[in-house]
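All heavy atoms count here, side chains included; hydrogens, waters and symmetry mates do not.
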Amino acid sequence: MTDLNKILHKWSASLKKGTDFDSWGQLVEAIDEYQILARQLQKEAQSPANSSDFTEDQKKTIGKIATCLELRSAALQYTQSQEGFTLEDVKTLEPILSSILTFNKEFPFDVQPIPLRRILAPGEEENLEVEEEEEDGGAGVGSPDLFPARVPGTLLPRLPSEPGMTLLTIKIEKIGLKDAGQCIDPYITVSVKDLNGIDLTPVQDTPMATRKEDTYVHFNVEIEIQKHVEKLTKGAAIFFEFKHYKPKKRFTSTKCFAFMEMDEIKSGQLVIELYKKPTDFKRKKLQLLTKKPLYLHLLQTLQKD
């Protein structure tokens with residue numbers, strides 16, 4: 001089996017795994033599988049010609065498949081809706097992906113590869129020309145993000161309830177920034193990390209902000225944490241990374257981040273401080289974003305059966 005065929009076999013197996021979860025009604029697992037594969041496909045589709053063994057036409061098709069997987073992931077977040085990209089639509093992608101080397105037909109869906117917006121690895125933007133003011137820069141130890149940009153709005157449904165277990169819903173109300181009105185396509189990436197910065201749950205992105213007003217970017221969106229509170233490891237933390245698009249440089253960048261620790265999990269309002277990028281998931285070298293009274297505003301709801 002050639003290297004390309006091995007790659008295609010791996011991708012096809014991942015897609016089949018995703019559709020299996022999808023057909024069994026295991027939505028969280030299906031979304032996670034689709035998103036992981038979509039990121040792998042996006043990375044290949046956006047790779048330079050001299051570092052890929054696929055042709056440009058093949059990479060374009062790969063990019064379109066990635067877009068379809070993102071669309072199915074988005075559709076699964078709204079389980080009551082019958083609209084959007086369906087499981088049957090995804091299944092039509094299986095023979096296309098497995099035969100990408102010989103596929104020469106018209107793509108069955110009117111989609112395009114996700115634009116060449118990319119999320120830089122934490123610290124990578126430090127190697128580019130710095131154009132922002134005091135909020136930019138700073139020190140920290142982030143974990144690398146090897147994938148291209150995800151489509152904002154990858155929220156997951158609430159977990160099934162379990163006797164004696166507590167579910168946590170966090171409503172992101174707003175974030176305070178001195179240049180809030182200048183942020184383009186802002187959204188927040190939410191992740192749960194252990195002390196070593198390892199993900200404990202699937203990463204979720206909010207939709208784009210609902211509005212910008214004075215020094216605030218408003219979201220008013222609820223995040224369902226994908227692990228019961230009692231099952232979170234000691235020392236874990238929930239991270240909120242504020243991201244926005246820079247049209248001049250054509251990439252999506254992390255502007256700042258905030259986090260809450262386990263002792264802060266309690267019903268009611270919570271206001272937490274903002275820190276300079278790069279995101280320090282290990283919480284070793286933290287620097288406040290600003291001395292101004294600007295924070296991330298949250299509302300927590302705990303539900304225990």
What are the two closest non-hydrogen atoms of [X] and [Y], and how far apart are they?
X	Y	answer
L294	G176	CB-O, 3.3 Å
F109	C68	CD1-SG, 4.1 Å
P160	L167	O-CD2, 4.4 Å
F240	V190	CD2-CG2, 3.9 Å
P207	L155	CD-CD1, 3.9 Å
E173	Q269	OE1-OE1, 3.3 Å

Any donor-acceptor pair under 3.5 Å from [X] side chain to [Y] backbone:
X	Y	result
Q303	S161	no
K64	F107	no
E224	P157	no
Q204	L156	yes
D194	N196	yes
T86	D89	yes
E264	E261	yes
S12	L8	yes
Q40	L37	no
D32	E29	no

Centroid-centroid under 6.0 Å between H244 and Y187 rings: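 No, ring centres 6.0 Å or more apart.
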
Y275 ring center near F259 ring center (under 6.0 Å):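 Yes, they do, as the ring centres are separated by less than 6.0 Å.
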
Between D205 and T189: side-chain donor-acceptor atoms closer than 3.5 Å: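 Yes, side-chain donor-acceptor contact under 3.5 Å.
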
Donor-acceptor pair between Q300 and S267 side chains, under 3.5 angstrom: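 The answer is no; no qualifying pair exists.
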
With a 4.0 Å cut-off on N to O distance, would you call [X] and [Y] a salt bridge?
X	Y	value
K231	E162	yes
E56	K59	yes
E213	K174	no
D280	K284	no
D22	R72	yes

Charged tip of K193 within 45° of F281 ring normal and under 6.0 Å: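 Ring-cation test returns yes.
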
Of L177, L296, L289, T254, the residue whose pairing with F242 passes side chain to side chain contact (heavy atoms under 4.5 Å, CB included):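 So, applying the side chain to side chain contact (heavy atoms under 4.5 Å, CB included) to F242 and each of L177, L296, L289, T254, only L177 qualifies.
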
Do [X] and [Y] land in one hydrophobic cluster if side-chain heavy atoms of ILVMFWY residues count as linked below 4.5 Å?
X	Y	value
L69	I96	yes
F103	I65	yes
V90	L27	yes
M165	L168	no
L195	V203	no

L288 vs L274, side-chain contact (heavy atoms from CB on, under 4.5 Å): CA-CA, chis, key distance, verdict: CA-CA 6 Å; L288 288 175; L274 304 175; over 6 Å; no

To the nearest 0.5 Å, what is the distance between [atom1] on [X] and [atom2] on [Y]?
X	Y	atom1	atom2	result
L270	I265	CG	CD1	10.0 Å
L97	I62	CG	CD1	7.5 Å
F219	M208	CZ	CE	9.5 Å
L200	K227	CG	NZ	6.5 Å
K243	T206	NZ	OG1	10.0 Å
K10	N5	NZ	CG	15.0 Å

side-chain contact (heavy atoms from CB on, under 4.5 Å) between K276 and C256, worked out: CA-CA 5 Å; K276 291 182 179 181; C256 60; over 6 Å; no

When you compare the side chain of [Y] with that of [X], does any pair of heavy atoms fall below 4.5 Å?
X	Y	answer
F239	T279	yes
Y295	I175	no
E44	I7	no
L101	Q58	yes
K304	E230	yes
K171	L298	no
L87	S23	yes
I225	I170	yes

side-chain contact (heavy atoms from CB on, under 4.5 Å) between M262 and K234, worked out: CA-CA 8 Å; M262 295 301 96; K234 184 179 179 180; over 6 Å; no

Mutual orientation of the aromatic rings belonging to F54 and W11 [parallel < 30°, tilted 30-60°, perpendicular > 60°]: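 Parallel.
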
May I ask you to check whether over 12 heavy atoms, not counting those of [X], lie within 6.0 Å of atom [atom1]?
X	atom1	value
D110	CG	no
D53	CG	no
K212	NZ	yes

Candidate pair H9 and S98, rule side-chain contact (heavy atoms from CB on, under 4.5 Å), full reasoning: CA-CA 7 Å; H9 180 75; S98 62; over 6 Å; no

